[in-house]
Q: 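Dumping the structure here so I can ask a few things about it.
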Amino acid sequence: MTVMKTSMRNFFAHKGRMALSAIAVLLSVAFVCGTLVFTDTMSTTFDKLFAATTSDVTVSAKGASDTGETTADNGKPPVMPASVLDEVRKAQGVKSAEGTVFSTSVTVVDGDKENLSPSSGAPTIVGSWNGNDARTMKITSGAAPKGADQIMVDADTADKHDLKLGDEIGVISAVGTHTAKISAIADFTVTNPGAAIFYLDTKTAQRTLVGESDVYTNVNVTAAGGVSDAQLKKNVTAELGGAFQVKTAKETADANQKDVAGFMNVMKYAMLGFAGIAFLVGIFLIINTFSMLVAQRTREIGLMRAIGSSRKQVNRSVLVEALLLGVVGSVLGVGAGVGLAIGLMKLMGQMGMELSTDDLTVAWTTPVVGLVLGVIVTVLAAYLPARRAGKISPMAALRDAGAPADAKAGWIRAALGTVLTGTGGFALYLASAADKAKEGSLWLGLGIVLSLIGFVVIGPLLAGAVVRVLGAVLLRMFGPVGRMAERNALRNPRRTGATGAALMIGLALVACLSVVGSSMVASATDQLDKTVGTDFIIQSDRSQLITPQAVQAVKSSPDLAHVTEYKSTQADFTTPDGKTLKDTAITAADPTYATDLSTETVAGKLPDAYKADSMSVHEKFAEDHGIRLGSKIKVAFKDGSAADLTVRAITSSDVVIDAGSMYTSIATLAKYVPADKMPLDSLVFASAKDGRQDAAYTSLKSALHDYPQYIVRDQTDYKDALKDQIGQLLNMIYGLLALAIIVAILGVVNTLALSVVERTREIGLMRAIGLSRRQLRRMIRMESVVIALFGALLGLGLGMGWGATAQQLLALEGMGVLDIPWPTIIGVFISSAFVGLFAALIPAFRAGRMNVLNAIATE
């Protein structure tokens, strides 16, 4: 009981000093709980959606996906004959059955040819209005579509794009473009996560999406009373003879959820990983806080020991304080996590993915995980300071309180830090020297972990040298105030090292990712400059195939020298070594592609691969299957017949663009695949006539005005798009790392605040002999800046080393250009100085307000 009373008294006596550590715990726990609540809510939303929109049993064509994604290379959804509907109705236990048609490989535009697809990446779905959808959508204005000139739109899409009844919109599919006027607007009765949904009548949907009548993509089946879904599936399957895909509502919902779960798991574990980084940084803050509190209470703890307190009681007292801190911070963090999840939902709503707070899901495991994690991390972080507190002897009561006994790092720390850093450096060297990226990545991971721990351990030893250099460069110009700031930073190397290490972790990751991202862009740009000879690249950013009408529009441009079509398909390969490789990718292109992309060959010439019944393979494939020039490969094309193709070229595997591709000509593909089964183009390349590049660029954009799903890019545009994609990814990662950096800033604030309290008498004496308030504040600000810059130097240096090593592994995949983004590195370093200034504002203000006489009288 005495231990608890003492702990409670000390905790509330230093509640102001504990606040920043509690905020660090709060933020870390909030990030974990917010992530769990957010992803659980997304799962609940999709579960409800899939459960509500799925019929008891669904019949679809073989190979069709449950989400409606087109699996055929011709851009059309897989279909089955309308006669299937009659057969299904004959099955025992069927109450009703309805045929539907829908597709997600479509683009919908308004009257101004503006794309109506969601900006969030959610699908655009066009289908036939049916009874199953009527269960989840309620028509709020107008009437359901009847006839080819009518279409219905969901209310969310109508609101986003200011659509109203009577507005004309166009549906662009692989079949062509169909225009209709909005006849109705329907609202969802369940949460729509952001898809744009449009409905036609059944006959119009068949003609618009498939180009055929009397076909369906799905048959929705409802069970009669007392018939289970499993029994109904069995009956329908028996009636159809296994020729089609039959799934129960649960199987369809599970398959849909599995597709969504892949994305959500990546997001969930990525965010939890950054929360872990924030926890790691928070550990340094907590260790610093309790180390300084223990040091300031040395005399008090010595008195406790003198009147009979045991080491265990003192140790336990500090750990109980940590437990209280962990509980308070974690409880607040759980609540803040729910608020963070709601904030993320609102943010996703701004980006186009609608998530309703009605579906907010807080599983019982979420607060438990947050509380347990926060408390355990806090108590473990306080263990070392508590252990040192237990070692304080009764004689400490006779000494002045103040600087801790462990002001200088011992030789054990030096030896351990040197060994860890050296081992980590050697692992990074092995990674850079690896012959295979997979092998090297293991060494890279080990090297990052060991070098990071090594720098944390050896940080106090580095603090002396680095701070002196920074002081000589930045602080000496401020005279005695600058020298005092330098000496204050050097006074306790362990504290300076731990404070700088918290900032070091976040900035090391920033520097590493900056180097990797910049090197990827530079490598891809270098490859584009060296290999891409075409002037323009036409493609869809939503992975939609290019329709024949759009290709014809490109070819109609008068300023082009040639147009190259590029198709991707799959085939079963039988190689000379007797192996059969199922569903192997093969690219068919026009012969001009050999000049549009200068792919390096190790044997033969690439233009020869476009001769009749010829192909190319890449180097690794040739090595694995004993293929040489002149070898024959039996290629059984998807949706076509088999061909014996002769290998005329072997391309290098050491490329970035089209790495691992195997080529044949479109003429060869057309020889073995029927015209109605030919895959659509995934890309189209165009080269301008000499001196007509600008005119061709303008005419191409004009020609594709009616096809807004396709983007025309010249090489500069393509490089910018690549840079933007990587930049957006890095910005998102930087945003997540910002949490760790915020916690690190709190650490600097806490260290300075406690340092000011520790030096209260010293500050009073300096003020008494003439130091002005302004000089005092400047001294504390300079101390903060030099600590922040110390952490920045370590972090940026370490991160650039990690990034350079990672680039060596990327070089094995063809990305051979190392690019250090110096503007970013220098900008981060300068920003760290401002971080130090910001962190010192409150401690410096409080120090300047101290009463001089009271400060001198402080014990």
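What you see is a predicted model, and the numbers here were worked out from it, not measured in a lab. No hydrogens, no waters, no symmetry mates; every other heavy atom, side chains included, goes into these values.
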Q: Give me the atom names and distance for the closest heavy-atom approach of Pro493 to Ala463.
A: O-CB, 4.2 Å
Q: For residues Ile830 and Ile826, determine if any side-chain heavy atom of one lies less than 4.5 Å from a side-chain heavy atom of the other.
A: yes
Q: For a 4.5 angstrom cut-off between non-hydrogen side-chain atoms, does Met782 reach Asn488?
A: no
Q: Please round to the nearest 0.5 Å and tell me the distance separating atom CZ of Arg483 and atom CE of Met779.
A: 13.5 Å
Q: Any side-chain to backbone donor/acceptor pair from Thr39 onto Leu36? Under 3.5 Å, distance only.
A: yes
Q: On a heavy-atom basis, which atom in Leu470 and which in Phe790 lie closest, and how many Å separate them?
A: CD1-N, 3.7 Å
Q: So, taking the atom named CG in Leu798 and the one named CD1 in Ile448, what distance separates them when rounded to the nearest 0.5 Å?
A: 8.5 Å
Q: Please determine whether side-chain contact (heavy atoms from CB on, under 4.5 Å) holds for the pair Ile277 and Ile505, giving the CA-CA distance in whole Å, both sets of side-chain angles, and the decisive distance to 0.1 Å.
A: CA-CA 8 Å; Ile277 294 170; Ile505 295 171; 4.1 Å; yes
Q: If you count every heavy atom of other residues, nucleotides or ligands that lies below 6.0 Å from Phe838 atom CZ, does the total exceed 12?
A: no
Q: Between Val786 and Glu486, is any pair of side-chain heavy atoms under 4.5 Å apart?
A: no
Q: Kindly give the heavy-atom pair with the smallest separation between Ile780 and Ala840, and that separation in Å.
A: O-CB, 4.0 Å
Q: Thr35 versus Lys268: any side-chain heavy-atom pair under 4.5 Å?
A: yes
Q: Please report the interatomic distance CG(Leu771) to CG(Leu765), rounded to the nearest 0.5 Å.
A: 11.5 Å
Q: Could you tell me whether the side chain of Leu420 reaches within less than 4.5 Å of the side chain of Phe455, counting heavy atoms only?
A: no
Q: Ignoring hydrogens, what is the shortest heavy-atom contact between Thr805 and Ser432? Give both atom names and the distance.
A: CG2-N, 4.0 Å
Q: Quick one: does Val327's side chain get under 4.5 Å of Leu371's, heavy atoms only?
A: no
Q: For the atom pair CG (Leu340) and SG (Cys33), what is the distance rounded to the nearest 0.5 Å?
A: 9.5 Å
Q: Is there a donor-acceptor pair closer than 3.5 Å between any side-chain N or O of Arg491 and the backbone N or O of Arg487?
A: no
Q: What I'd like to find out is whether the side chain of Leu507 reaches to under 4.5 Å of the side chain of Ile741, using heavy atoms alone.
A: yes
Q: Step by step, would you call Asp819 with Val521 a side-chain contact (heavy atoms from CB on, under 4.5 Å)?
A: CA-CA 9 Å; Asp819 184 65; Val521 171; over 6 Å; no
Q: If you compare all heavy atoms of Tyr734 against all heavy atoms of Leu513, which two are closest, and at what distance to 0.1 Å?
A: OH-C, 4.3 Å
Q: Could you walk me through whether Val515 and Leu818 pass the side-chain contact (heavy atoms from CB on, under 4.5 Å) check?
A: CA-CA 8 Å; Val515 171; Leu818 173 63; 3.9 Å; yes
Q: Are the side chains of Thr378 and Leu323 in contact, using a 4.5 Å heavy-atom criterion?
A: no
Q: Taking all non-hydrogen atoms of both residues into account, name the closest pair between Val37 and Ala341 and its distance.
A: CG1-CB, 3.5 Å
Q: Before giving the answer on side-chain contact (heavy atoms from CB on, under 4.5 Å), spell out for Leu789 and Leu793 the whole-Å C-alpha distance, their side-chain angles and the decisive distance to 0.1 Å.
A: CA-CA 6 Å; Leu789 290 180; Leu793 272 178; 5.7 Å; no
Q: Using 0.5 Å steps for rounding, measure from the CG atom of Leu446 to the CG atom of Leu428.
A: 8.5 Å
Q: Using 0.5 Å steps for rounding, measure from the OG1 atom of Thr499 to the CD1 atom of Ile787.
A: 5.5 Å
